[in-house]
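The sequence lines fix the lettering, A, B, ..., with proteins before strands; numbering per chain opens at 1.
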Amino acid sequence: MYERTLNFRSEVIALVKSIPRGRLMTYGQIAALAGSPRAARVVGGIAHYGDPALPWQRVVNKKGYLASGYPGGRRGHLAALENEGIKITNNRAPIESLIWWPKTK
DNA sequence: CGTGTGACGCGAG
DNA sequence: CCTCGCGCCACAC
């Protein structure tokens, strides 16, 4: 279906908005839930050019490392995450314990 | 309207 | 263990 692409952007936005404070999701995870498991890059693209008001600070890469293009750089990203109670060590977040799954238990 | 780049991820070598 | 390359979609120019 050709409306898959339109849904993709909407899904990504909806997913990002649904991430609770203090929780994290990965780009690949969001991409997969939005319908394209290998479109992690696209999520990054939406993050940069899309709606800046969304809580993108709760989105990190699979290793838990911070985003380079975040406003203020990794430093700004780090500050935003620590502001939510997430402890960052060496530019990396403990995603294993903070990862958030919207529909999974 | 066509092309390039990007806040990523994973398989192969 | 490491480095390299492809895939994916959106958005800027």
>> Please report the interatomic distance NZ(A/Lys17) to CG(A/Leu54), rounded to the nearest 0.5 Å.
In response: 6.5 Å

>> Would you measure the distance from the P atom in B/dG4 across to the matching atom in C/dC6 and give it in whole Å?
In response: 15 Å

> Any salt bridge (charged side-chain N to carboxylate O under 4.0 Å, His left out) pairs touching residues 42-71 of chain A, not counting sequence neighbours?
Replying inline: A/Arg58-A/Glu84

Distance in angstrom units between [X] [atom1] and [N] [atom2], rounded:
X	N	atom1	atom2	result
A/Asn7	C/dC9	CG	P	12 Å
A/Lys63	C/dC2	NZ	P	10 Å
A/Tyr27	B/dC10	OH	P	14 Å
A/Met25	B/dC8	CE	P	16 Å
A/Ile95	B/dC8	CD1	P	13 Å
A/Asp51	C/dC11	CG	C1'	14 Å
A/Ile99	B/dG9	CD1	C1'	14 Å
A/Tyr49	B/dT5	OH	C1'	6 Å

When you measure from the side chain of [X], which nucleotide among [options] comes out closest?
X	options	answer
A/Asn61	C/dC9, B/dG9, B/dA7	B/dG9
A/Lys62	B/dA7, B/dC10, C/dC9	B/dC10
A/Arg41	C/dC8, C/dC11, B/dG9	C/dC8

> Should A/Ser36 be listed as having a side-chain N or O under 4.0 Å from OP1 or OP2 of C/dC9?
Replying inline: yes

> Taking ILVMFWY side chains as joined if any heavy atoms are under 4.5 angstrom apart, and letting links pass through other members, which residues group with A/Ile88?
Replying inline: A/Leu24, A/Val60, A/Leu66, A/Leu78, A/Leu81, A/Ile86, A/Ile95, A/Leu98

> Hey, any chance A/Tyr65 and A/Ile19 share a hydrophobic cluster, counting ILVMFWY side chains that come within less than 4.5 Å of each other, even indirectly?
Replying inline: no

